Protein chains: 2
Amino acid sequence: MQPDPEDLTARARIRDAALRLFGEQGFDRATIRGIAEVAGVSSGLVRHHFGSKEALRDECDAYLARALTRLNDQVRADMATSETNYLAVAVSVFAPYRSYISRALVEGRVAPLFDTLADLSAEWLAERDENRADPPEVPLKARAAVGTAMSLAVSVLYEHVSRRLGVDVFSAEGQVLLARTLLDLYSHPWLSPEEAAALRARLPEDSGSDTAEGGA
Amino acid sequence: MQPDPEDLTARARIRDAALRLFGEQGFDRATIRGIAEVAGVSSGLVRHHFGSKEALRDECDAYLARALTRLNDQVRADMATSETNYLAVAVSVFAPYRSYISRALVEGRVAPLFDTLADLSAEWLAERDENRADPPEVPLKARAAVGTAMSLAVSVLYEHVSRRLGVDVFSAEGQVLLARTLLDLYSHPWLSPEEAAALRARLPEDSGSDTAEGGA
DNA sequence: CACTTTACTACACGCCTGTGTAGTTCGGGA
DNA sequence: TCCCGAACTACACAGGCGTGTAGTAAAGTG
């Protein structure tokens with residue numbers, strides 16, 4: 001549970017307001033005056049604490065990166081008490097920042113945040129590789145990066161997924177449907193080994209030219 | 001190959017410039033004057049043809065939706081000549097608009113575009129369901145929506161994936177690495193049936209409360 | 001106490017923006 | 001030829017923006 005907004009320092013309230021308005025309206029559309037109003041301070045104080053609008057955004061990015069690192073370390077510490085679902089915690093903690101993070105990710109920002117997730121994914125994949133029958137011919141790092149992007153897809157494209165499912169995927173009922181869907185997708189390969197081999201055979205051997213499976 | 005920009009009508013040149021600048025800089029940061037300059041016309045002509053900045057963006061959205069529908073129908077027409085790789089064509093056609101589309105998708109716009117892709121994905125999934133051992137307990141539409149989001153992930157998070165892979169994933173060599181990575185991920189389930197069953201057992205039966213796997 | 005620093009406000013400046021308006025060029029029918 | 005509408009330009013306007021500056025209140029600190 002968050003502390004009472006009245007208890008937070010003005011600086012923190014400004015940062016939270018910025019995270020919210022940057023997320024809701026985007027960086028350019030959100031105004032310093034609007035952020036100040038939400039935070040209950042004067043617009044001058046925003047400048048006093050953060051210097052400029054861009055610096056304020058940088059601080060928002062850094063804050064989220066710190067928050068994820070902190071959560072990560074914390075979970076890694078009491079790994080023994082692993083009854084708590086790390087993913088569920090992370091989702092609920094970062095839910096208020098979903099919109100901000102999505103915008104930032106698409107613009108190529110918050111790289112440390114993505115990197116932390118990708119490193120985490122790499123760890124998880126490395127464990128699984130030990131029990132894997134065929135040796136992966138693709139670097140672990142590549143699979144982790146692409147896998148992380150895919151894991152973020154539902155958050156980033158939240159509005160479209162919710163619309164197509166007919167329910168807010170982050171609401172109580174939506175989360176259950178999303179979880180079932182993810183479990184189904186994650187536990188069934190999209191391509192059979194034969195299909196994969198056939199497609200792989202059509203790829204150039206070393207560094208090639210034109211044929212590929214893309215994401216769009 | 002695109003026709004010579006000089007041959008395009010001014011209206012088309014304005015739209016192309018808008019697609020480019022909205023993609024590169026975002027809707028708010030891009031200016032009508034900047035778009036006019038790139039298109040080689042006066043800023044007034046932009047207004048003459050499109051009425052307002054928002055209407056110009058709407059036209060960009062609609063143009064891309066039409067382009068995808070056109071490509072889709074075309075491919076469906078000469079299905080017999082299926083030696084051409086639909087995905088590869090789609091990727092190369094929409095590559096110049098990747099940035100624009102990503103921004104639009106995150107903001108919840110271009111819904112028809114996402115819907116077209118999701119419908120396509122549903123068709124493809126329906127075929128696969130016929131050869132599937134266990135009956136899926138999740139609606140086809142849900143799997144198609146989430147699967148589509150995942151397929152778009154690499155495009156939307158292009159910069160992060162490229163950075164982590166150390167190579168532009170849409171360059172010649174990057175595409176090959178990306179293709180290999182996708183083939184590996186698509187042909188290996190992320191969860192074993194037992195793990196999936198265990199996680200599914202922890203979900204509430206009907207409409208539930210708090211535990212779920214989210215996208216972070 | 002005096003003094004400095006920090007937190008905070010009020011206010012004005014200048015720029016850039018989207019938009020409105022008046023006017024010009026030009027091609028194609030009657 | 002005349003004319004009319006579409007394509008297109010030049011220019012001015014008002015508003016909102018980020019930012020700069022001056023000043024006040026409060027909180028340490030010797």
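Quick caveat, the model's predicted, so the values are computed rather than measured. A, B, ... follow the sequence lines: proteins, then strands. Residue 1 opens every chain.
- For residues 86-99 of chain A, no pair satisfies salt bridge (Lys or Arg N to Asp or Glu O under 4.0 Å), with sequence neighbours left out.
- A/Arg57 forms no cation-pi arrangement with A/Phe50, by the criterion of a distance under 6.0 Å to the ring centre and an angle within 45° of the ring axis.
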*Do nucleotides 23-28 of chain D as a string where each nucleotide becomes B, S or -: B if the base has a protein heavy atom under 4.0 Å, S if just the sugar-phosphate does, - if no protein is that close.*
------
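- For A/His188, the side chain to side chain donor-acceptor pair (under 3.5 Å) partners are B/Arg132, B/Asp134, not counting sequence neighbours.
- Applying the salt bridge (Lys or Arg N to Asp or Glu O under 4.0 Å) definition to pairs two or more places apart or across chains, those involving residues 151-163 of chain B are A/Asp115-B/Arg163.
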Detail all sub-3.5 Å separations between protein N/O atoms and N/O atoms belonging to nucleotides 7-13 of chain C.
from: C/dC8; atom 1: OP2; to: A/His49; atom 2: NE2; distance (Å): 3.0
from: C/dT9; atom 1: OP2; to: A/Ser42; atom 2: N; distance (Å): 2.7
from: C/dT9; atom 1: OP2; to: A/Ser42; atom 2: OG; distance (Å): 2.6
from: C/dT9; atom 1: O5'; to: A/Ser42; atom 2: OG; distance (Å): 3.4

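- Rounded to an integer number of Å, the gap from A/Glu37 CD to D/dC17 P is 11 Å.
- Listed by first then second residue, pairs satisfying salt bridge (Lys or Arg N to Asp or Glu O under 4.0 Å) with a partner in residues 30-39 of chain A number zero, not counting sequence neighbours.
- Every residue two or more places apart in sequence or in another chain that forms a side-chain contact (heavy atoms from CB on, under 4.5 Å) with B/Ala39 is listed here: B/Arg13, B/Ile14, B/Ala17, B/Val41.
- In this structure B/Arg70 satisfies the side chain to side chain donor-acceptor pair (under 3.5 Å) test with no other residue, sequence neighbours excluded.
- Residues satisfying the side chain to side chain donor-acceptor pair (under 3.5 Å) criterion with B/Gln25, sequence neighbours excluded, are absent altogether.
- Counting only residues at least two apart or on different chains, the salt bridge (Lys or Arg N to Asp or Glu O under 4.0 Å) pairs with a member in residues 101-111 of chain A are A/Asp61-A/Arg109, A/Arg103-B/Glu107, A/Glu107-A/Arg109, A/Glu107-B/Arg103.
- Listed in residue order, the members of residues 18-32 of chain A having a heavy atom less than 4.0 Å from DNA chain C come to none.
- Following rounding to the nearest Å, B/Ile14 (CD1) and D/dC8 (P) show an atom-to-atom distance of 7 Å.
- Taking B/Ala55 as the reference, B/Ser52 meet the side-chain contact (heavy atoms from CB on, under 4.5 Å) condition, with sequence neighbours excluded.
- The nearest whole Å value for the distance from the CG atom in A/Leu56 to the P atom in D/dC17 is 15 Å.
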